[in-house]
Amino acid sequence: LKAEIVIPLLKQGRIYESTGTHNLVMTGVDEDGNVRYVMQRSTLNSSSLKFESEGSNKRYSFSLKGQSDILCAFESPIDLLSYMSIQDSAMKEHPHMLSLGGVTDIALGAYIERAPGIRRIVFGLDNDKAGHDAYEPFFVKYSMKGFKVYKRFPGQKDWNLELLSIISHKAITGARG
C-alpha cells in the first residue's frame, strides 16, 4: 500500500496494528467519528485470518468520504486500499470509497443514505464466483434506483493480490513507479 494513503489513515486512527496479535485493524466510523465497525486481518503471509470484530455494525463499514458523485465499492477494506494504490487516475476524481464487508449491500444502502449526492457506483468486487454472482443483482437493484452502475474486476482474484502481483513484477523487472 502506498505511504500517502496509509499514513493519514494511521494518524486518524482509522487503521492501526493491534497490540498482541499484530493484526491490521481497519475501522468504520459514524457521522460523529465514533468507531462503529472493526475489521481485523492478519499481517502474516502464512495466515488468511480476517474477521469483523464482535459488535461491528456493517452499516458503518470501512469507508473514505469522497468529493464526487462516484462511489467505489469493494468486498474488503484491504481491497479498497489496494485499489487506491493501483488506480492513481481513478483517484483524481476523489470518489467515495466503501468496503461492503463481503458481498452484501447493507453498508452500501446505508452509505448512500448518508451521501445523497452519489449518482454512479463502481463495483470493484473480487474476480471469483462470489464476486461475479453478486454483481448482477447489485446492477439490477441500483440501476432500478437510478444509479449508473459499473463493474471493475481485477486481473487477479482480488485487488490486494493484483497489487502484490504488480509489486512482484516491478521487483523482478526492476521497473519503477
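The first residue of the sequence shown is numbered 1, and numbering continues consecutively from there.
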Closest heavy-atom pair, M26 versus I78, reported as atoms and distance to 0.1 Å, is SD-N, 4.0 Å
Inspect the contact between E162 and K157 and indicate whether a charged nitrogen and a carboxylate oxygen are less than 4.0 angstrom apart. no
Determine whether a donor-acceptor pair (N or O, by modelled atom type, separation under 3.5 Å) exists between the side chain of R14 and the backbone of S63. yes
Determine yes or no for a side-chain-to-main-chain donor-acceptor pair under 3.5 angstrom, with H94 supplying the side chain and Q67 the backbone. no
List the steps, then state whether side chain to side chain contact (heavy atoms under 4.5 Å, CB included) holds for Y142 with L108. CA-CA 10 Å; Y142 289 95; L108 179 57; 3.5 Å; yes
For L81, is there any backbone N or O sitting under 3.5 Å from a side-chain donor or acceptor partner on S85? yes
Can you see which heavy atom on N23 is nearest to which on S42, and at what distance? OD1-CA, 3.5 Å
Keeping to residues at least two apart or across chains, list the ring pair (Phe, Tyr, Trp, His ring centres under 6.0 Å) pairs with something in residues 28-70. none
Rounded to the nearest 0.5 Å, how far does SG of C72 lie from CE of M84? 9.5 Å
No-hydrogen, no-angle side-chain donor-acceptor test under 3.5 Å, S82 and D79: no
Would the distance check show the side chain of D30 and the main-chain N or O of G33 forming a donor-acceptor pair, the cut-off being under 3.5 Å? yes
Please say yes or no: joined through hydrophobic side-chain contacts below 4.5 Å, possibly via intermediate residues, are I166 and V6 part of one cluster? yes
Under 4.0 Å between a side-chain nitrogen and a carboxylate oxygen: does that hold for K2 and D88? yes
Assess the side chains of H132 and N127: does a donor N or O sit below 3.5 Å from an acceptor N or O? yes
Can the ring centres of Y150 and F123 be said to be less than 6.0 Å apart? no
Say whether S168 and S165, considering side chains only, have a donor N or O and an acceptor N or O under 3.5 Å apart. no
